[in-house]
Amino acid sequence: MDRGKDGNRNANGGLAEATASRLRFDSDEEAEEVEMEVEEGPDAEGEEEQAAEVIGSDKTSADYYFDSYSHFGIHEEMLKDIVRTKTYQNVITQSSFLIKDKIVLDVGAGTGILSLFCAKAGAKHVYAIECSQMADMANEIVKTNGYSNVITVIKGKVEEIELPVPKVDVIISEWMGYFLLFENMLNTVLYARDKWLTDDGVVLPDRASLHLTAIEDAEYKEDKIEFWNNVYGFDMSCIKKQAMMEPLVDTVDANQIVTNCRLLKTMDISKMTPGDASFTVPFKLTAQRNDYIHALVAYFDVSFTKCHKLMGFSTGPRSKATHWKQTVLYLEDVITICEGETLTCSMTVAPNKKNPRDIDIKLQYSINGHRCQVSRTQFYKMR
């Protein structure tokens with residue numbers, strides 16, 4: 001795995017940070033970087049006045065989810081994710097027939113980058129909904145770039161605001177979270193679709209799929225999980241159970257993959273219901289070599305099927321890295337598996353009942369192999 005300075009930052013799913021796969025997805029152009037310079041005030045009083053003008057600087061953590069998106073750093077990371085941002089840009093510019101002269105709704109607009117792409121592609125009007133304090137900054141960005149007559153930034157929750165128009169032709173959103181569904185923004189997109197999208201309207205992206213594979217990861221599991229057995233001579237193994245329950249968001253080396261990859265769930269965003277994001281799926285993983293399995297790894301693919309040519313991207317370990325990385329679910333057992341043997345599994349995924357932005361995962365797995373026989377049920381929570 002990628003164990004750089006930020007390697008452990010997302011060990012419990014934390015804040016969302018916001019390849020091209022075999023579908024010939026586009027993502028290899030360079031992104032433009034924009035630097036902002038802030039002048040220092042001439043005195044302390046001036047500095048205080050400047051600080052007061054920073055959008056969102058007076059926010060507390062009362063609403064953790066939306067507050068997290070008020071900070072520019074998370075948007076910087078998402079904008080610099082070339083796979084993510086260039087795919088959206090290419091979809092909009094290369095299939096401009098989807099956008100030109102259309103009314104577009106941007107759900108969770110952030111800095112407004114997708115709205116700007118749409119305006120530049122000839123959208124009749126774009127309504128950019130953003131609930132965090134970043135909406136104020138997005139409004140300023142729209143003005144600075146001369147699109148105030150095309151883009152209207154609306155600050156608020158999708159479920160609570162009203163649009164100035166009864167219907168829209170296109171809904172565009174970058175709603176995907178870790179493990180595809182973390183933060184549950186998909187339900188917000190579906191709400192907007194059901195309320196405002198015309199009968200022949202388009203949702204971008206319109207297809208998402210969740211995949212699983214299994215990896216060897218002895219070294220990092222030892223460092224991450226077994227560490228608690230002996231901490232400077234003290235037994236802290238009671239923490240191991242909690243550590244096992246919290247999926248790790250990190251970059252997996254493709255060489256660690258032991259089995260084939262299996263499709264867990266496909267979602268058609270234009271037709272699905274909110275309940276479709278809760279599911280139980282049986283699956284089997286077949287070993288491609290003799291090795292050990294320490295964890296399952298989840299990743300997702302996104303597709304824009306309404307384009308002139310199929311476009312999209314993958315967050316898998318064999319694709320170009322994205323800020324979503326992959327999601328690692330460690331197993332309590334170390335599974336010794338021989339080439340051709342099968343790990344039989346079932347996974348249940350559902351939003352947490354107390355906090356729907358969290359995800360509860362139930363994994364059942366078993367193997368009756370030549371060198372390993374085991375059957376177990378484990379529970380995970382992304383939070």
Side-chain angles (χ1 to χ4, degrees), residues 1-7 9-10 15-36 68-69 71-96 98-99 106-121 128 130 134 137-138 141 145 172-180 182-183 185 204-211 249-254 297-305 307-327:
M1 291 189 182
D2 176 10
R3 310 302 181 195
K5 63 179 180 180
D6 295 327
R9 177 172 52 181
N10 299 308
L15 291 175
E17 299 168 285
T19 205
S21 81
R22 295 184 181 89
L23 297 176
R24 295 181 61 188
F25 298 154
D26 301 319
S27 62
D28 47 350
E29 296 182 37
E30 293 297 324
E32 296 180 2
E33 295 185 8
V34 180
E35 297 183 359
M36 296 182 65
S68 70
Y69 283 91
H71 192 270
F72 76 91
I74 196 170
H75 297 279
E76 178 185 4
E77 182 162 26
M78 290 189 291
L79 290 169
K80 288 181 176 179
D81 184 337
I82 303 299
V83 174
R84 164 198 181 269
T85 309
K86 289 300 296 185
T87 298
Y88 275 89
Q89 184 182 35
N90 290 339
V91 165
I92 293 166
T93 58
Q94 296 178 20
S95 297
S96 58
L98 294 173
I99 304 296
D106 182 358
V107 176
T111 59
I113 186 64
L114 302 186
S115 296
L116 291 166
F117 289 155
C118 290
K120 190 173 182 180
E130 174 57 41
M134 188 55 65
M137 191 69 80
I141 291 169
N145 287 277
I172 191 167
S173 179
E174 192 275 83
W175 55 266
M176 299 78 70
Y178 299 133
F179 195 76
L180 183 61
F182 181 60
E183 295 182 332
M185 189 177 165
L204 299 174
D206 63 316
R207 196 68 55 89
S209 55
L210 186 62
H211 303 257
V249 175
D250 209 341
T251 302
V252 173
D253 189 321
V297 172
Y299 63 93
F300 64 88
D301 296 350
V302 170
S303 301
F304 299 79
T305 71
C307 297
H308 177 64
K309 183 176 72 172
L310 181 61
M311 301 181 72
F313 60 85
S314 174
T315 63
R318 291 191 172 99
S319 300
K320 187 174 180 180
T322 71
H323 76 278
W324 286 286
K325 304 178 183 179
Q326 290 88 41
T327 302

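Side chains included, hydrogens not; waters and symmetry mates left out as well; all remaining heavy atoms used.
Looking at Trp324, its side chain never comes within 3.5 Å of a backbone N or O of Phe300 through a donor-acceptor pair. Of the possible polar contacts, one joining the Glu130 side chain to the Ala109 backbone as a donor-acceptor pair under 3.5 Å is found. A distance-only check finds a donor-acceptor pair linking the side chain of Gln326 to the backbone of Val252 [under 3.5 Å]. Here the side chain of Ser303 pairs no donor or acceptor atom with the backbone of Gly312 at under 3.5 angstrom. Of the possible polar contacts, one joining the Ser173 side chain to the Val107 backbone as a donor-acceptor pair under 3.5 Å is found. In this structure a side-chain-to-backbone donor-acceptor pair under 3.5 Å is present from Thr85 to Asp81.
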Exercise for the section: Starting from the C-alpha separation in whole Å, work towards a yes-or-no answer on side chain to side chain contact (heavy atoms under 4.5 Å, CB included) for Tyr299 and Ser314. Expected result: CA-CA 8 Å; Tyr299 63 93; Ser314 174; 4.1 Å; yes
Practice task
Could you give me the CA-CA distance, side-chain angles and deciding distance for Leu116 and Ile141, then say whether side chain to side chain contact (heavy atoms under 4.5 Å, CB included) is met?
Solution key: CA-CA 9 Å; Leu116 291 166; Ile141 291 169; 3.9 Å; yes
Exercise for the section: Applying side chain to side chain contact (heavy atoms under 4.5 Å, CB included), run through Leu114 and Leu204 and close with a yes or a no. Expected result: CA-CA 11 Å; Leu114 302 186; Leu204 299 174; over 6 Å; no
Practice task
With side chain to side chain contact (heavy atoms under 4.5 Å, CB included) as the test, would you mind laying out the steps for Phe117 and Thr93 before giving the verdict?
Solution key: CA-CA 8 Å; Phe117 289 155; Thr93 58; 5.8 Å; no
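Between Met311 atom CE and Asn90 atom CG the span is 4.5 Å, to the nearest 0.5 Å. Separating the OH atom in Tyr178 from the CG atom in Asp250 is a distance of 10.5 Å, to the nearest 0.5 Å. Separation of atoms CG (Asp206) and OG1 (Thr305) is listed at 3.0 Å; rounding is to 0.5 Å. Put simply, CD on Glu76 and NE2 on His323 are 13.0 Å apart, with the number rounded to the nearest 0.5 Å. Atom CG of Asp301 sits about 12.0 Å away from atom CZ of Arg207, to the nearest 0.5 Å.
Partners of Ser115 under the side-chain hydrogen bond (donor to acceptor under 3.5 Å, both in side chains) rule, at least two apart in sequence or in another chain, are Asp106. For Tyr88, the ring pair (Phe, Tyr, Trp, His ring centres under 6.0 Å) partners are Phe304, not counting sequence neighbours. Scored by the side-chain hydrogen bond (donor to acceptor under 3.5 Å, both in side chains) test, Ser209 finds His211 as partners (sequence neighbours excluded).
The shortest side-chain heavy-atom distance between Ile92 and Ile172 falls under the 4.5 Å cut-off.
Of all heavy-atom pairs between Ala321 and Val83, the closest is O-CG2, 3.9 Å. The two residues Met185 and Glu174 make their nearest non-hydrogen contact at SD-O, 4.2 Å. Closest approach of Lys325 and Thr251 over heavy atoms only: CG-OG1, 3.6 Å.
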